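What follows is a single structure, written as structure tokens, with notes after it.
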Amino acid sequence: MNESEYELLEQKWKSFRKSKRTKLLIPALTLIAVFGALAYLSTLRSHKIASVVSKETNTSVSTASADSNTDKQSSAGRQESAALAPHVPSLAHKESNATGAHGSAKKDTASGMTIVMGGEQSDAASAASQRPNKIELDVVASGNMDVARQVRNRFEVTHDFDDALYLAKYYYARKNYQQSEYWAMQANTINSENEETWILFAKSKVKLGHRVSALKVLQAYFDQTGSQRIKLLLDKIRRGKPIE
Amino acid sequence: MMSGFSGAKQVFVDEINVDDYIGLEGSRAAYDRLVNGLDESVKIVLLLGPPGTGKTLMLHRLYENLRHQKELHLIATPLVKREEFHRKLFEIFTGKPQPLNAKVDFDTFVQFAREIKEERKIVVLVDEAQMYPADLLEEMRILSDAGSIKFLLSLHKLDREELLAKEHFQTRVSETITLANASREELATYVHQKLLNKGLVDLADRLSGRQQKFIHRYTGGNFRDCNKLLYTALDLCDFMEKREECRYPEIPMKALEMAAIKTGFVHE
């Protein structure tokens with residue numbers, strides 16, 4: 001390379017950098033404009049509401065303050081129910097009424113939970129269990145078979161992928177490999193792109209002594225996806241290493 | 001031990017050297033499947049992939065690793081004329097070059113292949129098979145039916161769909177292995193390992209994630225393009241170092257971007 005070639009290339013490089021900066025600038029400016037417009041609109045809106053509210057009579061104002069009191073109570077109930085119900089077993093247990101011994105029920109649209117106001121705090125957890133909330137189902141080391149039964153019953157209605165996967169993991173953890181194979185298959189039927197269903201299915205097969213069919217299944221999936229995790233499992237099964 | 005950018009760029013010269021083979025997860029798996037495919041009883045194995053994905057290197061590696069265990073022959077340069085191909089066949093079957101004035105017709109090869117099927121299992125590795133005319137591919141198909149000879153065809157893709165996709169040809173394909181361009185992580189490993197193998201530890205460690213991302217973005221994960229880009233970038237760094245614009249082992253982003261422009265991977 002000589003100097004003139006280098007300088008020519010450098011010129012091209014400078015225009016490349018310039019066009020790159022411009023390309024970044026346009027979406028950045030667009031975003032700023034959009035956010036600015038949204039902020040301006042929301043400011044306008046709040047001014048409008050304030051002017052409407054200020055025209056209302058005293059009755060309206062007292063209603064608003066009464067609402068804010070009940071909101072405080074319901075948020076306390078919400079916090080309590082969240083603290084009581086982090087796991088499936090806790091949710092699944094409570095099937096009692098949404099309305100408690102004292103006070104009335106109010107639906108919190110944000111969380112979808114029914115909150116009891118002024119009633120027994122322990123009923124808040126049961127109220128939360130009325131609706132099957134979509135949460136992350138962790139396999140808890142609990143010997144409670146009611147859990148699986150609850151989730152199975154729910155699955156019959158919802159055919160929810162997370163439920164099927166939960167059951168597959170649940171049974172696998174309890175060495176019930178026929179059930180874990182079945183539920184992994186169910187989950188896979190709903191969502192065949194989920195890698196974990198393939199893994200659970202194959203591992204259950206291996207545990208049941210069906211190593212060859214486990215290998216066939218995994219190889220077919222690996223051919224489609226090239227997943228390294230699958231590759232490692234395939235190697236492990238082929239070498240006869242223990243599967244956890 | 002190499003020194004400076006001028007030495008380092010030699011790492012990325014695009015040549016077939018089996019000793020420089022970098023075993024990535026994907027290529028290791030493909031290699032294992034190739035080896036297994038050769039052991040199976042069916043007649044044709046296909047190795048597919050775009051240019052620059054490592055097919056030729058893999059064939060050479062297979063040849064070097066297995067030629068003492070199996071009767072393996074490598075046709076690295078396409079023999080597109082029938083006469084050249086038949087000469088090669090003669091050499092494969094007899095172990096001797098065909099005499100210049102001798103001519104052997106194809107039926108004789110087929111007959112011979114049938115006669116030796118109990119004694120010999122010949123594997124012929126054919127690189128750049130997409131260059132062969134349809135009639136020679138058909139001859140390979142007929143020979144593979146004889147039972148003593150198997151063909152491993154490396155080609156860019158199934159261009160010859162009118163021939164290879166035909167049922168009578170496809171049923172003889174025991175294994176199809178496809179090589180693809182590398183993922184970002186694989187390409188980063190490839191570059192890193194190539195530099196480490198030549199003792200260029202400092203340079204290997206200096207390539208940032210942002211630079212690796214750039215390399216992958218503009219080469220699409222293609223090994224040949226990656227070699228080309230890095231060779232050009234290091235050549236530029238060598239020049240820039242003389243102008244005091246950079247210092248070994250730092251590769252400025254400017255050098256990579258200029259290399260991408262020079263090689264045509266990016267349009268200014």
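A note on names: the letters A, B, ... follow the listed sequences, proteins ahead of strands, and every chain is numbered from 1. Predicted, not measured: the structure shown is a model, and the values here were computed from it.
- For a heavy-atom cut-off of 4.5 Å, chain B lies close to no residue in residues 175-184 of chain A.
- Residues that satisfy the side chain to side chain contact (heavy atoms under 4.5 Å, CB included) test with A/Met185, not counting sequence neighbours, are A/Thr189, A/Phe201.
- In this structure, a donor-acceptor pair under 3.5 Å is absent between the side chains of B/Tyr21 and B/Asn197.
- In summary, the side chains of B/Asp225 and B/Thr219 do not present any donor paired with an acceptor at a separation below 3.5 Å, with no hydrogens or angles considered.
- Legend: residues meeting ring pair (Phe, Tyr, Trp, His ring centres under 6.0 Å) with B/Tyr63, ordered by chain and number and at least two apart, are absent.
- With a 4.5 Å cut-off on side-chain heavy atoms, B/Glu186 and B/Thr189 do not count as touching.
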Exercise for the section: Let me see the working for B/Leu187 and B/Phe223 under side chain to side chain contact (heavy atoms under 4.5 Å, CB included), right down to the final yes or no. Expected result: CA-CA 8 Å; B/Leu187 197 69; B/Phe223 296 114; 4.1 Å; yes

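- Contacts with chain A were tallied for B/Arg33, B/Met240, B/Arg243, B/Lys262; B/Arg243 has the most, counting heavy-atom pairs under 4.5 Å.
- Cation-pi contact between A/Arg174 and A/Tyr170: present, with separation from the ring centre below 6.0 Å and deviation from the ring axis of at most 45°.
- No part of A/Lys18 comes within reach of chain B, as not one of its non-hydrogen atoms sits under 4.5 angstrom from that chain.
- Among residues 237-244 of chain A, no residue has any heavy atom closer than 4.5 Å to a heavy atom of chain B.
- Checking each of B/Arg224, B/Lys9, B/Lys194 against B/Asp14 for a salt bridge (charged side-chain N to carboxylate O under 4.0 Å, His left out) leaves exactly one that passes, namely B/Arg224.
- With a threshold of 4.5 angstrom between heavy atoms, A/Asp235 does not approach chain B through any atom at all.
- When each of B/Leu229, B/Val191, B/Thr232 is checked for a side-chain contact (heavy atoms from CB on, under 4.5 Å) with B/Phe12, only B/Val191 meets the rule.
- Heavy atoms closer than 4.5 Å to chain B are found in both the backbone and the side chain of A/Glu3.
- When heavy atoms are compared at a cutoff of 4.5 Å, A/Glu5 does not approach chain B at all.
- For B/Glu245, the part sitting under 4.5 Å from any heavy atom of chain A is the side chain, from C-beta outward, and nothing else.
- No donor-acceptor distance shorter than 3.5 angstrom exists from the side chain of B/His216 to the backbone of B/Glu185, with no hydrogens or angles considered.
- Under the 4.5 Å side-chain criterion, counting only non-hydrogen atoms from C-beta, B/Leu195 is in contact with B/Leu207.
- Judged purely by atom type and a 3.5 angstrom limit, B/Arg28 uses its side chain to pair as donor or acceptor with the backbone of B/Gly23.
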